[in-house]
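Chain A is the first sequence line, chain B the second, and so forth, proteins listed ahead of strands; every chain is numbered from 1. Predicted model only: the values in this text are computed from it and were never measured.
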There are 4 protein chains.
Amino acid sequence: MSKGINKVILIGNLGADPEVRYMPQGGAVANMTIATSESWTDKSTNQKKEQTEWHRVVIYQRLAEIAGDYLRKGSKVYIEGKLRNREWTDKEGIKRYTTEIVANELQMLDGKQDGQQQGGYQQPAQNNQRQPAGRQNQGR
Amino acid sequence: MSKGINKVILIGNLGADPEVRYMPQGGAVANMTIATSESWTDKSTNQKKEQTEWHRVVIYQRLAEIAGDYLRKGSKVYIEGKLRNREWTDKEGIKRYTTEIVANELQMLDGKQDGQQQGGYQQPAQNNQRQPAGRQNQGR
Amino acid sequence: MSKGINKVILIGNLGADPEVRYMPQGGAVANMTIATSESWTDKSTNQKKEQTEWHRVVIYQRLAEIAGDYLRKGSKVYIEGKLRNREWTDKEGIKRYTTEIVANELQMLDGKQDGQQQGGYQQPAQNNQRQPAGRQNQGR
Amino acid sequence: MSKGINKVILIGNLGADPEVRYMPQGGAVANMTIATSESWTDKSTNQKKEQTEWHRVVIYQRLAEIAGDYLRKGSKVYIEGKLRNREWTDKEGIKRYTTEIVANELQMLDGKQDGQQQGGYQQPAQNNQRQPAGRQNQGR
DNA sequence: TTTT
DNA sequence: TTTT
């Protein structure tokens, strides 16, 4: 049972190909960043403004494999998940905190679902290699 | 116009009374932390587990004043807003990043809307004092 | 896999105790109506207005039993689910259409979780009797 | 102030071009139907199943004009709004009820934002004609 | 730091 | 038919 609601809904574009790694037990973990932006006109200066937020998203298991197989830099996705705060230590030994979205639903929103990319033929195995999940870029 | 969707929905309890400050121009800003927790049974050990997330929420203007007037430590609220990442420098000069929810909708979900609290009579003006918005606890 | 998103989020009060029935195979089905209301001031007449919507909600299986055991007329709930349109024929043989929310998440939002009701002691088994699911009020 | 939450989020495709009409006072009203579908494998028969829901969506004012100008049959959209139940009388004098989503946010999710359509050149003024809002297809 |  |  859960007490309270912790829900995030994002529609945005991937800043890079998802990074897929595998846990020692075999489960997949995908990390990706998603940009959402909003634009408005500043009424005092009458200037157009744009603000982009970059969201750290982590996905597990089967959904992580789907992300690794079908999503690429620039892909537009719908993500639903929850917020999670994580503590880690950087290489200088400084304690840092990161908020990320743990996604439990994912939908591609553009037609590049064939895995085809702008830069010609795409090797589907590229993001699929079983890399150890240990050393990864943590935090932001 | 906005490109993409950046939406957060929370239902949880306040960890403390909201901190309300006023901008130089007079607009109110309320900061609060909201806890959401989920509990489940670990099927391998058959033990009950609970995980609590603490969310930093910031509210502006009229909604901030409502928060300051009606919400207290322990209040259950519905919050809707968007994720915003903010960069700041701590007192050691270390650059830090914080993710917070900028709320644009707020609803009280418990009957303590009279401002009555467990600890006896409550002074409604307490959180209403016009404190300068300058020096505040930043980050987490 | 799902194509598209079909999501409803409601916070409101039950108009009556949930009606719980059991399918021939034993699965529970709970029907309930939930009111959400919004109020505003009509700026042309300066009059306060209020508009209430009544939502038909249906819940299945274990969640339906929880609803039957813990929810009562007046209970405040959070509901998450999807829209479903259903066709049925009334007793005059007229074909009718009803839209309902099929809930997949439910949370009680008030302190009446002990099953205590305003009218004195409450028999918890009352809504629990295994009624046939056949003859029910359909449509609205 | 609103009591309760009444929120719908849809991502789906338009079943037809939006129908835009104008109120006597000049405000635009757009009606459209949006399909969401989910597919799954029936584990008892091992057959693939698909279920499509058709949602009636109504949009007002400036957003209605945007819908009329940029959306076409087949367009993929994100819609956010609220549920509203409406009573009307069909031509046989039978009282009917319809549930629709009143949208307050709309985002196009495919690249056909230039108004270009599959069937050749598209007249942008076509859906823009100021038709009276009186006689419209009501109900479903 | 909340809540059940 | 609910709730404040």
[options]: which one has an atom nearest the side-chain heavy atoms of [X]?
| X | options | value |
| --- | --- | --- |
| Asn13(C) | dT1(F), dT3(F), dT2(E) | dT3(F) |
| Lys3(A) | dT4(F), dT1(F), dT4(E) | dT4(E) |
| Ala35(B) | dT3(F), dT2(E), dT1(E) | dT2(E) |
| Thr52(B) | dT2(E), dT3(E), dT1(F) | dT2(E) |
| Ala16(C) | dT1(F), dT2(E), dT2(F) | dT1(F) |

- Message: Would you say NZ of Lys7(B) has more than 12 non-hydrogen atoms from neighbouring residues, nucleotides or ligands within 6.0 angstrom?
- Response: yes
Quick one: [X] [atom1] to [N] [atom2], roughly how many Å, whole number?
| X | N | atom1 | atom2 | result |
| --- | --- | --- | --- | --- |
| Asp110(B) | dT3(F) | CG | P | 17 Å |
| His55(C) | dT1(F) | NE2 | P | 17 Å |
| Trp54(C) | dT2(F) | CH2 | P | 6 Å |
| Leu10(C) | dT3(F) | CG | P | 17 Å |
| Met32(C) | dT1(F) | CE | P | 18 Å |
| Arg56(B) | dT2(E) | CZ | C1' | 15 Å |
| Asn85(D) | dT1(F) | CG | C1' | 14 Å |
| Tyr78(B) | dT2(E) | OH | C1' | 20 Å |

- Item | Partner set under salt bridge (charged side-chain N to carboxylate O under 4.0 Å, His left out) for Lys95(B), not counting sequence neighbours |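 Scan of Lys95(B) (salt bridge (charged side-chain N to carboxylate O under 4.0 Å, His left out), adjacent residues dropped) gives Glu87(B).
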- Task: Could you list the residues that satisfy salt bridge (charged side-chain N to carboxylate O under 4.0 Å, His left out) with Glu53(B), not counting sequence neighbours?
- Result: none
- In this structure, which one of Lys82(D), Arg86(D), His55(D) forms a side chain to side chain donor-acceptor pair (under 3.5 Å) with Glu100(D)? Arg86(D)
